[in-house]
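Quick notes on the structure that follows.
Keep in mind that what you see is a predicted model, and the values were worked out from it rather than measured.
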Amino acid sequence: MQYLLLNLLFIFSLASAGCTSKQDEAKSAEVKPVMQNLDDKNLEHATFALGCFWHSEEIFLEVKGVKEALPGYSGGTEKDPTYEMVGTGDTRYAESVDIIFDPSVISYGKLLEIFFAEHDPTTPNYAAPDEGPQYRSVIFFRNDDQKKQAEDYIAKLTTSHKYEKPIITEVSPFTKFYKAEDYHIRYYRNHPSGQSYIDHVTRPEVEKFRTDFPDLVQK
């Protein structure tokens, strides 16, 4: 019983110090982000929401064929959303990652496979330990082909009974992506350890991806 109580207290402490309340920690360690200027017309975009964007950004940055991945906000209607605004849970924005990829190296279908493997798509408004509609599971499709691939993949997973509970991932049309504040960009790479959320949530998520898809990790 004592062990169970300790575990519950630890989980609660992560949730209370999780992605929704990591603002001060992030700002105190603010760094200048490094981003690529990409204008290759052969590159394509994919936009996903799968929980806290600190680890979703890093996961997709490490994928072969991905040229850029940025954290930000999609799915809402308010202009110029901020982290504080989205963090209230009162908007329709979700913490998202916008991916620029080379389809001759990595397919959209393979990105979908990574998306579903690296979060639980059966928990509404929840991506452990973070809770709220800003952490819901969403695929923001940019064209009819992306929509069909997403719906077909969900149907395949459902038929295979991979999950005990129904998949609740939204398949929604992409409208606009707002890049997150600079202090969020490349956050894991700039702060790979020494913070509770990074040590207990982000790094394990990134390491899980590397284990799940070793052949897809950029060297």
*Looking at the rings of F48 and F60, which for Trp means the six-membered one, are their centres under 6.0 Å apart?*
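Yes: the rings meet the under 6.0 Å criterion.
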Distance check, rounded to the nearest 0.5 Å: [X] atom [atom1] versus [Y] atom [atom2]?
X: I99; Y: F115; atom1: CD1; atom2: CZ; result: 9.5 Å
X: H191; Y: D199; atom1: NE2; atom2: CG; result: 12.5 Å
X: T202; Y: E205; atom1: OG1; atom2: CD; result: 8.0 Å
X: E181; Y: T82; atom1: CD; atom2: OG1; result: 6.0 Å
X: E95; Y: S56; atom1: CD; atom2: OG; result: 7.5 Å
X: T47; Y: H45; atom1: OG1; atom2: NE2; result: 7.5 Å

Side-chain H-bond candidate by donor/acceptor type, [X] with [Y], under 3.5 Å:
X: Y108; Y: N143; answer: no
X: Q195; Y: Y187; answer: yes
X: Y93; Y: Q134; answer: no

State whether the side chain of [X] and the backbone N or O of [Y] hold a donor-acceptor pair below 3.5 Å, judged by distance alone.
X: Q218; Y: V66; result: yes
X: T88; Y: E84; result: no
X: K176; Y: Y73; result: no

If the threshold is 4.0 Å, N to carboxylate O, is there a salt bridge linking [X] and [Y]?
X: R142; Y: E44; answer: no
X: R136; Y: E131; answer: no
X: R186; Y: E68; answer: yes

_side chain to side chain contact (heavy atoms under 4.5 Å, CB included) between Y135 and N125, intermediate numbers included_ = CA-CA 5 Å; Y135 298 111; N125 300 329; over 6 Å; no
*Same hydrophobic cluster for V217 and L112, using side-chain heavy-atom links shorter than 4.5 Å among ILVMFWY?*
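Linked within one cluster.
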*In terms of hydrophobic clustering (I, L, V, M, F, W, Y; side-chain heavy atoms under 4.5 Å; direct or indirect links), are L61 and V63 co-clustered?*
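L61 and V63: separate clusters.
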*Going through the distances and angles, do S96 and F140 end up as a side chain to side chain contact (heavy atoms under 4.5 Å, CB included)?*
CA-CA 9 Å; S96 307; F140 295 102; 3.7 Å; yes
*Picking from D145, D152, D144, what satisfies salt bridge (charged side-chain N to carboxylate O under 4.0 Å, His left out) with K148?*
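Result for salt bridge (charged side-chain N to carboxylate O under 4.0 Å, His left out) with K148: D152.
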_Trace of the salt bridge (charged side-chain N to carboxylate O under 4.0 Å, His left out) decision for E170 with R92_ = CA-CA 12 Å; E170 298 174 15; R92 285 297 296 164; 3.4 Å; yes
*Given side chain to side chain contact (heavy atoms under 4.5 Å, CB included), test T123 with I168 step by step and report yes or no.*
CA-CA 7 Å; T123 52; I168 50 78; 5.7 Å; no
*Using side chain to side chain contact (heavy atoms under 4.5 Å, CB included) as the criterion, point out the one residue from L157, L111, L50 that pairs with F116.*
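Among L157, L111, L50, the one meeting side chain to side chain contact (heavy atoms under 4.5 Å, CB included) with F116 is L157.
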Looking at [X] and [Y], what are the two nearest heavy atoms and their distance?
X: C52; Y: Y197; answer: CB-OH, 3.2 Å
X: S107; Y: F101; answer: C-CE1, 4.3 Å
X: A180; Y: I185; answer: O-CD1, 3.8 Å

*Which of parallel (below 30°), tilted (30 to 60°) and perpendicular (above 60°) describes H184 and W54?*
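Rings of H184 and W54: tilted, as their planes differ by 30° to 60°.
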*Taking everything shown except K208 itself, do over 12 heavy atoms lie less than 6.0 Å from its NZ?*
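More than 12 within 6.0 Å, yes.
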